[in-house]
Amino acid sequence: MQRIDSLEDIGAGLDALIAADKRLVHVRAIAHAVPLRRSAPGFESLASIIVGQQLSTASAGAIWARLKQIVDPLTPEAFIACGEEGWRIAGLSRPKQRTLLALSEALADDRLDLHGLCDLPAEEAIGQLTLLKGIGPWTAEVYLLFAAGHPDIFPAGDVALQAAVGHAFSYDIRPDAPALRALSRQWAPWRGVAARLFWAYYASIKGREATPVL
């Protein structure tokens with residue numbers, strides 16, 4: 001698997017996407033720079049994605065900053081030891097507390113290997129991650145996209161991506177997850193770059209960041 005590890009990889013992917021789908025010329029022109037947004041695999045990367053679920057970038061960033069102050073260093077063991085009072089002060093909702101606790105316990109007990117997942121085929125890795133309650137396809141896909149540098153994942157359940165594609169292609173109705181997943185197949189094997197392109201496009205037309213907090 002050719003990982004997305006550099007801006008050069010982003011550029012190669014964009015060139016391939018535009019050659020395959022001329023509609024993306026307009027999207028790229030509006031999006032301007034398409035960032036790499038890579039993070040190191042492991043607990044901290046996945047925890048940041050969980051914290052950011054269904055929150056604005058600003059809200060997620062504020063909670064994440066408090067959590068990192070309270071749980072320092074941010075490791076599975078330290079998160080478990082922090083306890084409910086610390087999690088509450090950080091601003092974590094009850095569901096996110098439970099998800100992060102389940103993740104921390106799975107890692108502490110060696111029942112899950114977040115680094116090893118990065119070397120698995122996408123479907124297999126997503127299957128393992130979504131066994132943990134509170135981790136759905138979107139969270140698993142975003143982790144593999146940014147922590148593993150997977151080149152061919154498109155988180156079709158992401159509302160910003162749905163809005164961006166609908167706007168770019170002048171759809172009367174925003175595509176839902178199944179429709180967007182089907183549409184994104186034409187961008188294989190560079191769907192990971194296509195996702196970054198549409199997040200950048202969304203940020204440009206809306207004036208606010210939509211890429212998941214990492």
Side-chain angles (χ1 to χ4, degrees), residues 1-21 24-25 27-53 57 60-61 64 68 73-76 103 107 112-130 132 135-158 160-161 164-165 168 180-181 183-204 209-214:
M1 177 177 68
Q2 178 185 346
R3 299 183 190 276
I4 300 174
D5 285 327
S6 66
L7 288 175
E8 287 74 20
D9 295 331
I10 296 289
L14 289 170
D15 290 344
L17 286 166
I18 288 171
D21 187 348
L24 299 182
V25 172
V27 177
R28 186 178 185 180
I30 292 176
H32 304 300
V34 177
L36 176 62
R37 293 299 299 274
R38 279 295 304 276
S39 62
F43 175 70
E44 188 166 329
S45 291
L46 183 51
S48 72
I49 297 166
I50 292 169
V51 168
Q53 291 171 344
T57 301
W64 182 243
K68 291 193 70 175
L74 186 55
T75 63
L103 173 62
L107 292 171
L112 183 65
D113 179 3
L114 290 179
H115 290 79
L117 283 178
C118 294
D119 296 323
L120 296 178
E123 288 188 6
E124 185 177 348
I126 290 168
Q128 289 194 27
L129 283 169
T130 53
L132 285 174
I135 295 183
W138 179 88
T139 302
E141 289 168 344
V142 169
Y143 176 76
L144 294 173
L145 192 62
F146 291 113
H150 201 293
D152 199 32
I153 287 176
F154 194 96
D158 189 274
L161 289 181
V165 172
L180 188 53
R181 196 172 301 281
L183 176 65
S184 71
R185 293 192 185 106
Q186 66 187 296
W187 301 322
W190 288 105
R191 282 176 285 188
V193 174
R196 287 173 168 85
L197 171 63
F198 279 103
W199 271 315
Y201 176 87
Y202 183 94
S204 181
E209 182 61 61
T211 311
V213 174
L214 296 167

> So Arg28 and Asp15, side-chain contact (heavy atoms from CB on, under 4.5 Å) or not? Walk me through it.
Replying inline: CA-CA 10 Å; Arg28 186 178 185 180; Asp15 290 344; 3.2 Å; yes
>> A side-chain contact here means heavy atoms from C-beta on lying under 4.5 Å apart; do Trp190 and Arg196 qualify?
In response: no
> Quick one: are Leu112 and Leu114 in side-chain contact, heavy atoms under 4.5 Å?
Replying inline: yes
> Looking only at heavy atoms, what is the nearest atom pair of Pro41 and Cys118, with distance?
Replying inline: CB-SG, 3.8 Å
> Which atoms form the tightest heavy-atom contact between Ala195 and Pro155, and what is the distance?
Replying inline: CB-CD, 4.0 Å
> Rounded to the nearest 0.5 Å, how far apart are CD1 of Ile126 and CG of Leu117?
Replying inline: 10.5 Å
> Is the shortest side-chain N to carboxylate O distance from Arg191 to Glu141 below 4.0 Å?
Replying inline: no
>> So that I can tick it off, tell me whether Asp152 and Arg185 are bridged by a salt bridge, with the cut-off set at under 4.0 angstrom between side-chain N and carboxylate O.
In response: no
> Under a 4.5 Å cut-off applied to non-hydrogen side-chain atoms, are Trp138 and Gln53 in contact?
Replying inline: yes
>> Nearest 0.5 angstrom please: Phe43 CZ to Leu74 CG, how far?
In response: 5.0 Å
> Under 4.5 Å between any side-chain heavy atoms of Phe198 and Asp158, yes or no?
Replying inline: no
> Looking at Ile153 and Leu145, what are the two nearest heavy atoms and their distance?
Replying inline: O-CD1, 3.5 Å
>> Can you give me the closest heavy-atom contact between Ser45 and Tyr143, atom names plus distance?
In response: CB-CE1, 4.0 Å
> Is there a donor-acceptor pair under 3.5 Å between the side chain of Asp21 and the backbone N or O of Leu17?
Replying inline: no
>> To the nearest 0.5 Å, what is the distance between CZ on Phe154 and CG on Leu161?
In response: 4.5 Å
>> Looking at every heavy atom in both Ile10 and Leu36, which two are closest together, and how far apart are they?
In response: CG1-CD1, 4.2 Å
> So, for Tyr202 and Ala160, which heavy atoms are closest and what is the spacing to 0.1 Å?
Replying inline: CD1-O, 3.5 Å
>> Apply side-chain contact (heavy atoms from CB on, under 4.5 Å) to residues Asp9 and Ser6 and explain how you reach the verdict.
In response: CA-CA 5 Å; Asp9 295 331; Ser6 66; 3.3 Å; yes
>> Distance check, rounded to the nearest 0.5 Å: Trp64 atom CH2 versus Glu44 atom CD?
In response: 5.0 Å
> Which value, rounded to the nearest 0.5 Å, describes the distance between Ile50 atom CD1 and Leu103 atom CG?
Replying inline: 5.0 Å
> Can any side-chain N or O of Arg38 pair as donor or acceptor with the backbone N or O of Phe146 at less than 3.5 Å?
Replying inline: yes
>> Do Leu46 and Thr139 make a side-chain contact, defined as non-hydrogen atoms from C-beta onward lying under 4.5 Å apart?
In response: yes
>> So does Leu183 get a backbone contact from the side chain of Gln186, meaning a donor-acceptor N/O pair under 3.5 Å?
In response: yes
>> Working to the nearest 0.5 angstrom, can you tell me the gap between Leu144 CG and Leu129 CG?
In response: 6.0 Å
> Taking NZ, NE, NH1 and NH2 as the nitrogens, is one of them in Asp119 or Arg3 under 4.0 Å from a carboxylate oxygen of the other?
Replying inline: yes
